[in-house]
Amino acid sequence: MWVYIEKISDFVDKEVTIKGWLYNIRSSGKLMFPELRDGTGLIQGVVSKKAVSEKVWEDFGKLTQESSVIVTGVVSKHPKKEDVYELQVNGLEIVSIAEPYPITPKEHGVDFLADRRHLWLRAPRQAAIMRVRNEIIQSIRDYFYNNGFILFDAPIFTPNACEGTSTLFSTDYFDLGKAYLSQSGQLYAETGALALGKVYTLGPTFRAENSMTRRHITEFWMMEPEMAFYDIDDNMDLIEDFLAYVVQRVIKNKRKELTFLERDLTKLEKIVKPFPRITYDEAVEILIKKDIPLIRKTANGEEHIRPFPWGEDFGAPHEEAIVEDFDKPVMVHRWPSEAKAFYMKRDPDNPKIALGVDVLAPEGFGEIIGGSQREDNLEFLEERIKEHGLPMSEFEWYLDLRRYGSVPHSGFGLGIERMVSWICNLEHIREAIPYARRPNRIRP
RNA sequence: UCGAAGAUAGCUCAAUGGUGGAGCAUUCGGCUGUUAACCGAAGGGUUGCGGGUUCGAGUCCCGCUCUUCGAGCCA
């Protein structure tokens, strides 16, 4: 009977068939130990020369790394290791002998591996990450489905820029001139919220930023919920409830994979409600207390400005300093409006403040969520579009949301790959998606 | 875009300005509990590209290309 390796413990002392690939093989005279993988896990086979036919013995000798095989044998417990199973092999059918495989069980450089991403994904580590990614996305879909949200897919081709055109990829669009690849589905999600109440988008987004860091890719998946009649505080309530749900569910269902990735689960287990909420003002106080300067690049080097001046956005060292005292995601809210996007609502009590919130993941993973209450006043929004030099005509449909039954509403955007990086404790975002697109890489 | 480091065998890396090596991978042989198995042998190189200094350059100098790491920008 054909079984998958992840279910192998249900078949102890039974004969089973495994269909998969040879991951590695060791031999010791009259014994061979082929390691088999089938996409769901790894299992070690034991081939004893006296227990198998001469043909099976010889065929095992021909196998190369990643050769595809159908192996039959009896499942047994490992003689020395707890909760580890082996396959006492009695039959082998060779499906295909692999050519010399470039990715050996030894170490490789990241560029070498990235060139062979289509093969690298077969590695147990990469497969574990992909399983965690799958669980994260499924948790997100289940959370929103079970909480009354409607999946509302935003278009990828867009005519306008949400926040300036310098970071947009463009392409020709028939007789209509340029189309841009979406860098956010938010504006469309807002239309969905006013149509359906609570919606979310989940799809690829694109940023033409020449950012060569461990936290950036040019094509990434973003999940953006948008809720009518939610204010900034309702928004933060949702963020912490949602994040805690996803993290706890992934720990529960993907413990084996996270353990394999050497993730410290005690740190993830602490991700439960409530999360710390601090205002931008309080965050600046922390920076001043810790004497973290604002660093400005100048013609002849760097200028260190202290104390940290109110109104400036935070960089990596600032996020680090703010988060290091907490072991949960930190929600920093009520930002200087100057530094924030045109669609964020101004604080009615203080026009210098925008009702935005950034969520900084612990352990130095930085921003994983950006959100806000949206500007719902027609005149204010028109003003903001003018201030940002954006073409009013492109936003008429967006402004209609403020003309026809405008309501307070809020939402946020979560970067899926940053979430995966954080939960798996990855050193680089390139491992968080099957095929990472970066400024210097578009293949394979 | 800026800053730093780097590019040598299929891979990961050594080599004081003086005959380019090792481990792994590959091929062959040995071994009845291996697990990044081990032991023995063999094959494998235009030292990223172009120029310069020198009796002599992988090594020093100049230019270019590419990679990695960091910063900015952001999710």
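Just so we're on the same page: letters track the sequence lines, and every chain starts at 1.
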Donor-acceptor pairs under 3.5 Å, side chain of residues 357-376 of chain A to any protein atom, not counting sequence neighbours: which ones?
| from | atom 1 | to | atom 2 | distance (Å) |
| --- | --- | --- | --- | --- |
| A:D358 | OD2 | A:K340 | NZ | 3.3 |
| A:E363 | OE1 | A:R263 | NH1 | 3.0 |
| A:E363 | OE2 | A:R263 | NH1 | 3.3 |
| A:E363 | OE2 | A:R263 | NH2 | 2.9 |
| A:S372 | OG | A:R374 | NH1 | 2.7 |
| A:Q373 | OE1 | A:I232 | N | 3.0 |
| A:R374 | NE | A:E226 | OE1 | 3.3 |
| A:R374 | NE | A:E226 | OE2 | 2.9 |
| A:R374 | NH2 | A:E226 | OE1 | 2.8 |
| A:R374 | NH2 | A:G411 | O | 3.2 |
| A:E375 | OE2 | A:N377 | N | 3.0 |
| A:D376 | OD1 | A:K345 | NZ | 3.2 |

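Here the separation of B:C62 from B:U54, taken at their C1' atoms, is 16 Å to the nearest Å. The separation of B:A42 from B:U32, taken at their C1' atoms, amounts to 27 Å, rounded to a whole angstrom. Nucleotides B:G56 and B:U19 are separated by 15 Å at their P atoms, to the nearest Å. Nucleotides B:U59 and B:U8 have their C1' atoms positioned 11 Å apart, rounded to a whole Å.
Between the side chains of A:D38 and A:T40, a donor-acceptor pair is found at a separation under 3.5 Å. Inspection of the A:W120 and A:D115 side chains reveals no N or O donor paired with an N or O acceptor under 3.5 Å.
Annotation: of the two residues near RNA chain B, A:V46 and A:G413, the 5′-most nearest-nucleotide partner is A:V46.
Side-chain N/O atoms of A:K80 include one lying less than 4.0 angstrom from OP1 or OP2 on B:U34.
Without hydrogens or angle criteria, A:R334 side chain to A:L355 main chain gives no donor-acceptor distance under 3.5 Å. A donor-acceptor distance shorter than 3.5 angstrom exists from the side chain of A:S67 to the backbone of A:A98, with no hydrogens or angles considered.
Using a 4.0 Å heavy-atom distance criterion, A:F220 is classed as a base contact. A:G366 comes within contact range of no nucleotide atom at all, as no heavy-atom separation falls under 4.0 Å. Among the atoms of the strands shown, only primed sugar atoms or phosphate atoms (P, OP1, OP2) are found under 4.0 Å from some heavy atom of A:E367. No engagement by A:L414 is indicated, since no non-hydrogen atom pair under 4.0 Å with the nucleic acid exists. Counting any heavy atom pair closer than 4.0 Å across all strands shown, A:K81 reaches a base atom. Among the protein residues, A:S27 comes within range of the nucleic acid bases, having at least one heavy atom under 4.0 Å from a base atom. Residue A:I217 is classed as a base contact, given a heavy-atom separation below 4.0 Å to a base.
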Using the 3.5 Å cut-off, write out each protein N or O paired with an N or O of nucleotides 41-44 of chain B and the distance between them.
none

Provide a list of protein-nucleic acid N or O atom pairs under 3.5 angstrom, restricted to nucleotides 65-73 of chain B.
| from | atom 1 | to | atom 2 | distance (Å) |
| --- | --- | --- | --- | --- |
| B:U67 | OP1 | A:N440 | ND2 | 3.3 |
| B:U68 | OP2 | A:N440 | ND2 | 2.9 |
| B:C69 | OP1 | A:R430 | NH2 | 2.6 |
| B:G70 | OP1 | A:R214 | NE | 2.5 |
| B:G70 | OP1 | A:R214 | NH2 | 2.1 |
| B:A71 | O2' | A:K297 | NZ | 3.3 |
| B:G72 | OP1 | A:A316 | N | 3.4 |
| B:C73 | O2 | A:S211 | OG | 2.7 |
| B:C73 | N3 | A:H216 | NE2 | 3.0 |

Please list each protein N or O that sits under 3.5 Å from an N or O in nucleotides 4-9 of chain B, with the distance.
none

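Residues in residues 417-427 of chain A take part in these salt bridge (Lys or Arg N to Asp or Glu O under 4.0 Å) pairs, two or more places apart or across chains: A:R133-A:E417. Applying the salt bridge (Lys or Arg N to Asp or Glu O under 4.0 Å) test to residues at least two apart or on different chains, the pairs with a partner in residues 58-75 of chain A are A:R37-A:E66, A:K55-A:D59, A:D59-A:K62, A:E66-A:R122. A salt bridge (Lys or Arg N to Asp or Glu O under 4.0 Å) check over residues 9-30 of chain A, counting only residues at least two apart or in different chains, returns the pairs A:R26-A:E35.
For A:K290, the side chain to side chain donor-acceptor pair (under 3.5 Å) test picks out A:E324, A:D325, with sequence neighbours left out. In this structure A:R438 satisfies the salt bridge (charged side-chain N to carboxylate O under 4.0 Å, His left out) test with no other residue, sequence neighbours excluded. Here A:R117 pairs with nothing under the salt bridge (charged side-chain N to carboxylate O under 4.0 Å, His left out) rule; sequence neighbours left out. The salt bridge (charged side-chain N to carboxylate O under 4.0 Å, His left out) check on A:K49 picks up nothing, with sequence neighbours excluded.
Listed by first residue number, the stems of RNA chain B with at least three Watson-Crick or G-U pairs below 3.5 Å are B:1-7 with B:65-71, B:10-13 with B:21-24, B:26-30 with B:38-42, B:48-52 with B:60-64.
Relative to the side chain of A:F33, the nucleotides B:U34, B:A75, B:U32 differ in distance, and B:U34 lies closest.
Under the 30°/60° scheme for interplanar angles, the aromatic rings of A:F314 and A:W335 are found to be tilted.
Exactly one residue among A:R141, A:E224, A:M227 makes a side-chain contact (heavy atoms from CB on, under 4.5 Å) with A:Y200. That residue is A:R141.
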